[in-house]
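Down below is the structure, laid out as structure tokens.
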Amino acid sequence: MTNAKLQKRKDAATPRGVGVMCQFYASHALNAEIWDVENRRYIDFAAGIAVLNTGHRHPKLVAAMQEQLTKFTHTCYQVVPYESYVRLAERINILTPGRHAKKTALFSTGAEAVENAIKIARAATGRSAIIAFSGAFHGRTMMGMALTGKVVPYKVGFGPFPGEVYHVPFPIELHGVTADDSLNALQSLFKADVDPRRVAAIIIEPVQGEGGFYAAPSEFMQALRRVCDEHGILLIVDEVQTGFGRTGKLFAIEHCGVIPDLMTVAKSLAGGMPLSAVCGRAEIMDAPAPGGLGGTYAGNPLAVASAHAVLDVIEEENLVERAAVLGQRLQSHLHQLREVVPHISDVRGLGAMVAVEFTKPGTQQPDPEFTKQVQSRALEKGLILLTCGVYGNVIRFLFPLTIEDHVMQEAITILGSAMQGN
């Protein structure tokens, strides 16, 4: 079996709309490394798009799923429930910010969690309008696309989208949008387009993922909380990409000291198994009538078993603290590279959610071509990188938090070489 033969089969059997970055095919993986079918090794700085904070095939996750396989694989929780679902909800209720009474519902994907958060918010408030932000990514379902603030490639050709979704600019001072600018745009929206008394929720990523790894300023998040409180609007924090230690806190919103009404989580919750959740204030979560929430595969027992193991590993291996250490190590190296790579315009990050942005030297003009060159050169040298940003000029780093130090150093060396064109 070769990569070339598999590529031909893929092109013949699957649609072009499922875009695939790599032209090699995985054979096996372990922690932060992947081997393809031709036995070439790669260091994985994508981690399944932030899914593998605990790495590929962590032995505790494997053992947890193997044990569950000996019991049952599916009952549909809404038909025959099981204790592990309830216990995971209890753990999430405790771990998420705020000491108020909470409840958690499990689903399968991040987009599904977002959809259900919107349903819950509308049921709880009796309102219909939703406000999101430019550059946001909330999924590929119809409501997810409506909330997403990036047209290409997510929204092209798929409209019309659900109504009563509004966008305001996300605060990015690097691009000339201050926190005050965003707040003023929100007030203008209330005056020109939607009565705040019709707004059910504002949904925001505390650090934008696809949008470019821009962190919302703490003062902005605090002001947004005050706006929501003033108008009876629910604040939904989308932690699908930022959650479970990635930013040096268990959840990114903890950097801001803000308590959300609802939170969506997924990705690294179950270490590669499809599982997501909505956690929120108990009285809000109870707003939908029985049968209004759920899904055939929602809270699959194998995924739940893996999630319990993930939470254990994060605690036992101090992955929240390790994220901060690894992120600082990478940022220090990137700052050193700024002295020899004039395309680097910004290095930023919270914990291990780090990004580097490229512009054409001497300008503020985004340079997606150089970004692609760096990504391509790194891949040739065995390092998998992801790009992001509205202009495609940002490289984001999503390595497993369990990565061995020597593998991390190897990746950093490759990265420097790729940026310098060596």
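For this chain, numbers begin at 1 and follow the sequence in order. The basis for the numbers below is simple: all heavy atoms, side chains too, and nothing from hydrogens, waters or symmetry mates.
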Item to check | Worked check of side-chain contact (heavy atoms from CB on, under 4.5 Å) between T75 and Y85 | outcome: CA-CA 12 Å; T75 66; Y85 181 119; over 6 Å; no

Next on the checklist: Evaluate F170 against Y214 for ring-ring contact (aromatic ring centres under 6.0 Å, His included), listing each step before the verdict.
Outcome noted: CA-CA 9 Å; F170 189 86; Y214 301 105; 7.3 Å; no

Checklist entry - Can you check side-chain contact (heavy atoms from CB on, under 4.5 Å) on V156 and V151, steps first, answer last? => result CA-CA 6 Å; V156 173; V151 173; 3.9 Å; yes

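In the model, H28 has no side-chain atom that pairs as donor or acceptor with a side-chain atom of R57 under 3.5 Å. Side-chain contact of N93 with T104: a donor-acceptor pair under 3.5 Å is present, judged by distance alone. Between the side chains of T242 and E239, at least one donor N or O sits under 3.5 Å from an acceptor N or O. A side-chain donor-acceptor contact under 3.5 Å links H255 and T247. There is a side-chain donor-acceptor pair under 3.5 Å between E115 and T141.
Annotation: side chain of E317 is not in contact with side chain of L401 (no heavy-atom distance under 4.5 Å). M419 is listed as a side-chain neighbour of V356, based on a closest heavy-atom distance under 4.5 Å. You'll find the side chain of Q364 stays beyond 4.5 Å of the side chain of H175, heavy atoms only. Using a 4.5 Å cut-off on side-chain heavy atoms (C-beta onward), V114 and M143 make no contact. At least one side-chain heavy atom of R396 sits less than 4.5 Å from a side-chain heavy atom of Q241. L106 is not listed as a side-chain neighbour of E112, based on a closest heavy-atom distance of 4.5 Å or more. Side chains of S306 and Q68 form no contact here, defined as non-hydrogen atoms less than 4.5 Å apart. With a 4.5 Å cut-off on side-chain heavy atoms, K267 and N53 do not count as touching.
In this structure, the separation between CG on L334 and CZ on R329 is 12.5 Å, given to the nearest 0.5 Å.
At distances below 3.5 Å, at least one donor-acceptor pair connects side-chain atoms of R127 with backbone N or O atoms of R197. At least one donor-acceptor pair under 3.5 Å links the side chain of N31 to the backbone N or O of T402. When atom types are taken as modelled, the side chain of Q375 and the backbone of I395 share no donor-acceptor pair closer than 3.5 angstrom. Within the 3.5 Å criterion, the main-chain N or O of V240 finds no donor-acceptor partner in the side chain of T264. Judged by distance alone, the side chain of T148 and the main-chain N or O of F137 form no donor-acceptor pair under 3.5 Å. Side-chain atoms of K150 do not come within 3.5 Å of backbone N or O of G211 as any donor-acceptor pair. Not one N or O on the side chain of R246 forms a donor-acceptor pair closer than 3.5 Å with the backbone of A323.
Heavy-atom contacts from other residues, nucleotides or ligands closer than 6.0 Å to OH of Y82 number more than 12. At most 12 non-hydrogen atoms from other residues, nucleotides or ligands lie less than 6.0 angstrom from OH of Y297. When the shell of 6.0 Å around CZ of R225 is examined, it contains more than 12 heavy atoms from other residues, nucleotides or ligands. More than 12 heavy atoms of other residues, nucleotides or ligands lie within 6.0 Å of CZ in R87, so this atom counts as buried by the packing criterion. Around NZ of K372, the count of heavy atoms belonging to other residues, nucleotides or ligands within 6.0 Å does not exceed 12. Shown here is Q420, whose CD atom has more than 12 heavy atoms of other residues, nucleotides or ligands within 6.0 Å.
No option in E67, E315, E316 other than E316 meets the salt bridge (charged side-chain N to carboxylate O under 4.0 Å, His left out) test with K60.
Note on R91 versus D312: salt bridge recorded, some NZ/NE/NH1/NH2 to OD/OE distance being below 4.0 Å. Salt bridge annotation for D261-R281: present, with a cationic side-chain nitrogen under 4.0 angstrom from a carboxylate oxygen.
Within the 6.0 Å centre-distance limit, the rings of F251 and F244 are counted as a close aromatic pair.
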